[in-house]
Amino acid sequence: MVSQFSSGGFQLACLFARPEKIPRGGTPGLLICHGFPTTAEESNNAALPYYELAERVAIDVGWASLAFTYSGCGESEGDFSPGGWLADIVNATHYLSGLEDVTRVYLVGFGTGGALAMVAAATDSLVAGVAAVSSQADFDDWQNKPEGRFGYAR
C-alpha cells in the first residue's frame, strides 16, 4: 500500500508491504533504502523499483517491508540532501519498528543508500542488521569536490 510517513516535519512517500501470514510473536521488518538518483527522471522515480522489491520480500520471505523515497525526491517533501536522507533512514527505522507485529528492523541499501544505511545502523540500536549493495566506503570525493557534486545533482 503506497502511503506516507513523517521525517523531520516532511511527508515521505513509501510503500509498506505486509506478509499475508504473520507468525505469532511477529515478523522482522526490512527497510529498503534506494541509491543516489543520477537524473531528474530517476529522482522522480528513485524508489519505484524498490516498491516491487518490498512486495516480493513480503510475499516470498514473509517479512514486513518498507521502501521509501528520500526527502526531495519523487513525491516526498523536503530538500534533496544526503545528510537529510540519513535522518530519513533513522526516522523510517523508527516508523517501521513501531508498526504492529514488526519485531526488529533490518536495513538494505543500494549505492549511496547502502552507505547511509551502514551509518544509520552504527548509530541506532533499533537496527538489528544491515546489508549494503554496491555502496561506496566513504564520501571523500564528495567532500573534496563539493561544487562538482552539487552541479551533478542539480
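In what follows, residues are counted from 1 in the order of the sequence shown.
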Peer 1: Assert yes or no for the condition that the ring centre distance of His34 to Tyr70 is strictly below 6.0 Å.
Peer 2: yes

Peer 1: Quick one: list whatever passes side chain to side chain contact (heavy atoms under 4.5 Å, CB included) with Ile59, sequence neighbours left out.
Peer 2: Arg56

Peer 1: Could you tell me whether the side chain of Leu15 reaches within less than 4.5 Å of the side chain of Glu55, counting heavy atoms only?
Peer 2: yes

Peer 1: In terms of hydrophobic clusters joined by side-chain contacts under 4.5 Å, are Tyr106 and Leu126 together?
Peer 2: no

Peer 1: Is any side-chain heavy atom of Ile32 closer than 4.5 Å to one of Leu66?
Peer 2: no

Peer 1: Which pair of non-hydrogen atoms, one from Ile89 and one from Ala117, has the smallest distance, and what is that distance?
Peer 2: CD1-N, 3.9 Å

Peer 1: Kindly indicate whether the side chain of Phe110, heavy atoms from C-beta on, has any atom under 4.5 Å from the side chain of Leu53.
Peer 2: yes

Peer 1: Please check if the side chain of Ser65 supplies one atom and the backbone of Ala54 the other of a donor-acceptor pair under 3.5 Å.
Peer 2: yes

Peer 1: Does Phe10 have any ring pair (Phe, Tyr, Trp, His ring centres under 6.0 Å) partners at least two apart in sequence or in another chain, and if so, which?
Peer 2: none

Peer 1: Using 30° and 60° as the class limits, which term best fits the ring planes of Trp85 and Phe80: parallel, tilted or perpendicular?
Peer 2: perpendicular

Peer 1: Under the salt bridge (Lys or Arg N to Asp or Glu O under 4.0 Å) test, which residues partner Arg104, sequence neighbours left out?
Peer 2: none

Peer 1: Which atom names give the shortest non-hydrogen contact between Asp124 and Val90, and what distance separates them?
Peer 2: OD2-CG1, 3.7 Å

Peer 1: Less than 6.0 angstrom separating the ring centers of Phe68 and Tyr95, yes or no?
Peer 2: no

Peer 1: Looking at CG of Leu31 and CG of Asn91, how far apart are the two atoms once the value is rounded to the nearest 0.5 Å?
Peer 2: 11.0 Å

Peer 1: Is a side-chain donor or acceptor of Ser71 paired with a backbone partner of Gly84 at a separation under 3.5 angstrom?
Peer 2: no

Peer 1: How far does OG of Ser6 sit from NE2 of His94, to the nearest 0.5 angstrom?
Peer 2: 13.0 Å

Peer 1: Looking at every non-hydrogen atom in both residues, tell me the closest pair between Ala121 and Leu107 and how far apart they are.
Peer 2: N-CD1, 4.3 Å

Peer 1: Can you confirm whether Val108 sits close enough to Val130 that some side-chain heavy atom of one is under 4.5 Å from a side-chain heavy atom of the other?
Peer 2: no

Peer 1: My understanding is that only residues two or more places apart in sequence, or in another chain, count here; which of them pass side chain to side chain contact (heavy atoms under 4.5 Å, CB included) with Leu86?
Peer 2: Leu116, Val119, Ala120

Peer 1: Ser76 side chain to Thr69 main-chain N or O, any donor-acceptor pair under 3.5 Å?
Peer 2: yes

Peer 1: Got a sec, which pairs hit salt bridge (charged side-chain N to carboxylate O under 4.0 Å, His left out) with one end in residues 76-93, sequence neighbours left out?
Peer 2: none

Peer 1: Which residue pairs pass the salt bridge (charged side-chain N to carboxylate O under 4.0 Å, His left out) test when at least one of the two sits in residues 63-72, sequence neighbours left out?
Peer 2: none

Peer 1: Which side-chain N or O atoms in residues 16-26 pair as donor and acceptor under 3.5 Å with protein atoms at least two apart or in another chain?
Peer 2:
{"residue": "Arg18", "atom": "NH2", "partner": "Glu100", "partner atom": "O", "Å": "3.4"}
{"residue": "Arg18", "atom": "NH2", "partner": "Asp101", "partner atom": "OD2", "Å": "2.8"}

